[in-house]
2 protein chains.
Amino acid sequence: MRLKCNDPDPRRFHGAMLQKDGFDQDDRMAADHTRTAIITAAERLYAERGFADVTMRDIVAAADVNLAAVNYHFGSKDELIAELFVTRSLATNRERLRELKAAEEAGDGRADINAIFAALVGPTLRGCLGPEKQRSDAARFMIRASIESVPPIRKIKNREVDHLKRFAAAMRRSLPDQDPADIFWALHFALAMAHQTIRDSERLTRMSDGLCDLNDVQAITDRVVAVAVMALTGKPAKAPLKEPAKAKARA
Amino acid sequence: MRLKCNDPDPRRFHGAMLQKDGFDQDDRMAADHTRTAIITAAERLYAERGFADVTMRDIVAAADVNLAAVNYHFGSKDELIAELFVTRSLATNRERLRELKAAEEAGDGRADINAIFAALVGPTLRGCLGPEKQRSDAARFMIRASIESVPPIRKIKNREVDHLKRFAAAMRRSLPDQDPADIFWALHFALAMAHQTIRDSERLTRMSDGLCDLNDVQAITDRVVAVAVMALTGKPAKAPLKEPAKAKARA
DNA sequence: GATAGTTTCATACATGCGTTTGAAATGCAA
DNA sequence: TTGCATTTCAAACGCATGTATGAAACTATC
């Protein structure tokens, strides 16, 4: 029942209509207001409460559209989730790669290792903990998706591995003498620290009685990057970057 | 309907019967075989597939007991989950504190910082990645529980913060001159690395094409501890516990 | 071996879910 | 306008879930 390749009912529309950078811009909102409203509401609810306890009725209520609209525009609940994920996934990866490329160009093909890690965790951290609320939903949705692993996402997520390999390759170019296994471990740890910080920032706040500042996203990024570099090289970062570093060079 | 404090129906039993260390010993199995079978099956299924897509019918099928048995012995699905969680939570915390205490006694009240981190992440890592399959279910269940956050667990989990504060306090005794915020961050990162390694070990394996060895639990623990210590002190661990991973010989 | 208490069983219930339906509303070109 | 395609709507469908029920099968005590 799940693998119907041909539509017997020509009623459904659910055109893909992938856009080049997320779906948060309201340029042609009025065009298909319903579709946009569903996407926005679904992303927010999933980010807030996880996939398990958000129903389609919750989504359409938040979006103020009819229940049947989701199936009409997306085909099914799973396809809605999948579209949310692939769109956001592409956007995040694009931002990461843009920063990576800038760092490599700034270093003549050998990017500063700090910049590589910053390109890896920066976009997500900024998106999740930063002040911009709407993007926050997007990034927190991605964190949820990377954890709760609902079926429609699991298949797509395999591509993530290829994406991360590009960062591992950049690190190998940057530090050719480093043990490759250490590179993968450090990359793994960097993502772990970033994700956990986003996912359970509340526990850290409570545990430290508010001592750990979760509003200064740049400081958090710097900290994660510094630890990741130490994990990789075994010694403190040579140039502990206090200022928004060279990754911003390209503009 | 959800908050019935008095049982109108005296049929239900679901006595708590907390045991002193987990429920995996089969000492008096035959006594209430059904209850034990449910617990074992539920824990395994939840560990494998998460809370979202494991139904009571899945559990009773795996346990080979009647559907009504869960409600009879535990009252409800949520109470079953809660009992699983509190029992395992107590066992894990007990093991951690035992190691912490041993480390503090060995250091006259000031435990070696490496030993403190090892006490924090060691029990979980060993339980999840080690060879002992049954304990593995237990620990992976706890990881799931710490992520997916189903309602019956969310309430209990607040105590976790108090538990972690004891480790933060031990670190402060061990390194009195260290910035307290750094201690909390390092503790947070240590848990992040350990949990992510358990949760997504598959991605690390695939990303590194099998280069990262996930079978040597002691080496993984050492690595996490070493990075955590560097995150805290800003310099490599002075006295690596064991043979440090092969990366050091470079440079 | 009858009796009372405990545990199991097959079955049913109520509810909420994702999805479907057919018709009504809307947009739009001729 | 008319005609046709697209989109919305209220209502329902089928199904799976957690829970409840009452009787049957045990178990132990007398």
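Only a predicted model underlies this, so the values are computations on that prediction, with no experimental measurement involved. Reminder, nothing fancy here: chain letters follow the sequence lines and each chain counts from 1.
Separating the CG atom of D58(B) from the C1' atom of dG18(D) is a distance of 13 Å, rounded to the nearest angstrom. Atom P of nucleotide dC9(D) and atom CG of L67(A) are separated by 11 Å, given to the nearest angstrom. Rounded to whole angstrom, the span from the CZ atom of F74(B) across to the C1' atom of dG18(D) amounts to 16 Å. Rounded to whole angstrom, the span from the CE atom of M56(A) across to the C1' atom of dT8(D) amounts to 15 Å. Atom CG of D64(A) is separated from atom P of dT8(D) by 12 Å (rounded to the nearest Å). In this entry the distance linking CG of D53(A) with P of dT17(D) reads 17 Å, nearest Å. In this structure, the CG atom of N71(A) is 11 Å from the P atom of dT21(C), given to the nearest Å. Rounded to whole angstrom, the span from the CZ atom of R35(B) across to the P atom of dT6(C) amounts to 15 Å.
In this structure, A68(A) reaches the bases: a heavy-atom distance under 4.0 Å links it to at least one base atom across the strands shown.
For H73(B), whose side chain is taken as the heavy atoms from C-beta onward, the closest listed nucleotide among dT19(C), dT8(D), dT7(C) is dT7(C). Closest to the side chain of Y72(B), from the set dA12(D), dT19(D), dT8(C), is dT8(C). With dT7(D), dA10(C), dC9(D) as the candidates, the nucleotide lying closest to the side chain of N66(A) is dC9(D). Distances from the side chain of T55(A) to the nucleotides dG18(C), dT19(D), dT17(D) place dG18(C) closest. Distance from the side chain of K77(A) is smallest for dT19(C) among the nucleotides dT8(D), dG18(D), dT19(C).
Not a single donor-acceptor contact under 3.5 angstrom links the side-chain atoms of R57(A) to the base of dG16(C).
Atom NZ of K101(B) sits in a sparse spot, with 12 or fewer heavy atoms from other residues, nucleotides or ligands closer than 6.0 Å. Under a cut-off of 6.0 angstrom, the local environment of CG in N158(B) is crowded, with over 12 non-hydrogen atoms contributed by other residues, nucleotides or ligands.
Between T34(A) and dT8(D), a side-chain N or O to OP1/OP2 separation shorter than 4.0 Å is present. Residue H33(B) has no polar side-chain atom (N or O) positioned under 4.0 Å from OP1 or OP2 of dT8(C).
Side-chain N/O atoms of H73(B) and T34(B) include no donor and acceptor closer than 3.5 Å.
Ring centers of F85(B) and Y46(B): at least 6.0 Å apart, outside the cut-off.
Looking at H195(B), E202(B), Q196(B) one by one, the single match for side chain to side chain donor-acceptor pair (under 3.5 Å) with R199(B) turns out to be Q196(B).
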